[in-house]
Amino acid sequence: MKLRHFIEHKSFSRFILAVILINAVIIGISTDDSIYQSYQSLFIFLDILVLSIFTVEIFLKLVVYRSHFFKDGWNIFDFVIVFGSLVLYNTHFVGVLRILRVLRVLRTISVVPSLRRLTSALFLAIPAIGSVMILMGIIFYVYAIIGVTFFGDIAPDYFGNVGLSTLTLFQVFTLESWASGVFRPIFAEITWSWAYFVSFIVISAFIILNLIIGEIVNNAQQLSEHAEEESKDMAKIMNDLDELKQMIREQDHKNNKTG
C-alpha cells in the first residue's frame with residue numbers, strides 16, 4: 001500500500017513528467033551533430049540515466065498492479081517503449097531505437113491526466129469523424145466533377161481531370177495560396193467562379209471542420225464530467241473509511257476503559 005501510494009503520488013508523477021521533458025530537450029539538442037560529437041559521452045550517460053528511471057518506474061508499477069497493469073492501454077504503451085528501448089539498446093537496429101527514443105516524449109500524454117482525457121476524446125470521436133470524412137469525400141468528388149466540367153479547358157493544370165481537380169480542391173481547403181494561385185486566373189475568365197470556390201470553402205473548411213471539432217469537444221466534456229464523478233465517489237469512499245476508522249478507534253478506546 002505504501003508503494004502504491006508512492007507511485008500514485010502527485011510528486012512522483014511530476015518527477016516522471018520532468019524526466020520526460022528533460023529527455024525531450026536532450027533528444028532535440030542531440031540532433032545537432034557538432035554538439036553531439038563534442039559531448040557524446042554526456043549524451044550517452046543522460047540517455048542511460050533517463051532509460052533507467054523509466055525502467056524503475058515500470059518495474060514499480062508492475063510490482064504494485066501486477067496483472068492489472070496490462071489492462072490499461074497507456075501502461076501497455078509505456079511498457080512497449082521502455083522494454084523496446086532496453087532490448088534494442090546497443091544493437092544494429094539504430095533506426096528503431098531512435099524512433100523509440102522519440103516516442104518517449106509521447107509518454108507526456110500518459111502522465112498528464114488532462115492530455116489522457118483529450119486523447120481519449122479524440123479516439124472516441126473516430127467513428128463520428130469517419131462519417132464526417134465520408135461526407136467530405138462526397139463533397140470533394142461532386143465539386144471535383146463540377147470543376148473539371150467548367151474549368152478544365154481554362155485551367156487544365158488544376159482541373160484537367162478528377163485527380164487534379166481533387167488535389168486543387170484540397171489546396172483550396174487548406175486555404176494555402178488558393179486565391180492568387182487558383183482562383184484569380186479562373187475568375188478573370190469566368191466571373192461566376194467565385195460562387196464555386198466560396199461555397200466549397202464555406203461547406204468544407206468551416207462547416208465540416210466545426211462538426212469534427214464539436215464532436216471532439218463533446219467527448220472531452222463527457223470524459224471530464226465522468227472523471228469528476230469518479231473523483232467525487234472516491235472522495236466519498238475515503239471519507240466513509242475515515243469515519244469507519246474513527247468509530248473503530250472510539251470502540252477500542254471504550255473497550256480498553258472497560259477492561
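Quick note: numbers below take in every heavy atom, side chains included, and nothing from hydrogens, waters or symmetry partners.
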Which residues share a side chain to side chain contact (heavy atoms under 4.5 Å, CB included) with [X], sequence neighbours left out:
X: V198; result: W194, V202
X: F70; result: L62, I76, F79
X: L17; result: L21, T108, V111, V112
X: I138; result: I134, V142

Mind checking whether [X] and [Y] sit in one hydrophobic cluster, side chains of I, L, V, M, F, W, Y counted as touching below 4.5 Å?
X: I186; Y: L167; answer: no
X: Y141; Y: V172; answer: no
X: L164; Y: V148; answer: no
X: I139; Y: I145; answer: no

Give me the atom names and distance for the closest heavy-atom approach of [X] to [Y].
X: L51; Y: T55; value: O-OG1, 2.7 Å
X: A144; Y: L169; value: N-CD1, 3.4 Å
X: S13; Y: I7; value: OG-O, 4.5 Å
X: W192; Y: I190; value: NE1-CG2, 2.9 Å
X: P185; Y: S180; value: CD-O, 3.8 Å
X: V19; Y: V50; value: CG1-CG1, 4.0 Å

Point to revise | Any pair counted as ring-ring contact (aromatic ring centres under 6.0 Å, His included), so long as it reaches residues 30-59, sequence neighbours left out | key: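 Matches after skipping sequence neighbours: Y36-F43.
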Exercise for the section: Not counting sequence neighbours, which residues clear side chain to side chain donor-acceptor pair (under 3.5 Å) with Y143? List them please. Expected result: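 S199.
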Note to self: Run the side chain to side chain donor-acceptor pair (under 3.5 Å) test against T174 and tell me which residues pass, sequence neighbours left out.
What the structure shows: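 Listed in chain order: nothing, the list is empty.
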Do L46 and I22 come close enough that some side-chain heavy atom pair is under 4.5 Å?
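Counting from C-beta outward, L46 and I22 never come under 4.5 Å.
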### Query
For F197, which of F150, F187, F183 qualifies under ring pair (Phe, Tyr, Trp, His ring centres under 6.0 Å)?
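The option that passes is F183.
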Salt bridge (Lys or Arg N to Asp or Glu O under 4.0 Å) contacts touching [range] (sequence neighbours left out):
range: residues 37-57; value: D47-R101, D47-R104, E57-K61, E57-R107
range: residues 132-155; value: none
range: residues 10-32; value: none
range: residues 162-186; value: none

Atom pair [atom1]/[atom2] of [X] and [Y] - distance to nearest 0.5 Å:
X: F173; Y: I201; atom1: CZ; atom2: CD1; result: 10.5 Å
X: L49; Y: I44; atom1: CG; atom2: CD1; result: 13.5 Å
X: L86; Y: I81; atom1: CG; atom2: CD1; result: 12.0 Å
X: D157; Y: T168; atom1: CG; atom2: OG1; result: 9.0 Å
X: L3; Y: L60; atom1: CG; atom2: CG; result: 5.5 Å
X: I26; Y: N23; atom1: CD1; atom2: CG; result: 6.0 Å

request  = Could you walk me through whether I53 and I16 pass side chain to side chain contact (heavy atoms under 4.5 Å, CB included), step by step?
outcome  = CA-CA 8 Å; I53 293 173; I16 295 298; 4.2 Å; yes
Aromatic plane relationship, H9 with H5 - under 30° parallel, 30 to 60° tilted, over 60° perpendicular:
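Plane angle over 60°, so perpendicular.
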Aromatic contact between Y158 and F151, with the criterion being ring centroids under 6.0 Å apart: yes or no?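 Aromatic pair excluded; centres sit 6.0 Å or further apart.
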Test salt bridge (charged side-chain N to carboxylate O under 4.0 Å, His left out) applied to R4 - qualifying residues, sequence neighbours left out: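 Applying salt bridge (charged side-chain N to carboxylate O under 4.0 Å, His left out) to R4 gives E8.
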- Query: Any sub-3.5 Å donor-acceptor pair from S165's side-chain atoms to F159's backbone N or O?
  - Reply: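 No.
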Open item on the list: For F140 and F200: C-alpha separation, side-chain torsions, deciding distance, then whether ring-ring contact (aromatic ring centres under 6.0 Å, His included) applies.
Closed with: CA-CA 9 Å; F140 263 77; F200 175 76; 5.2 Å; yes
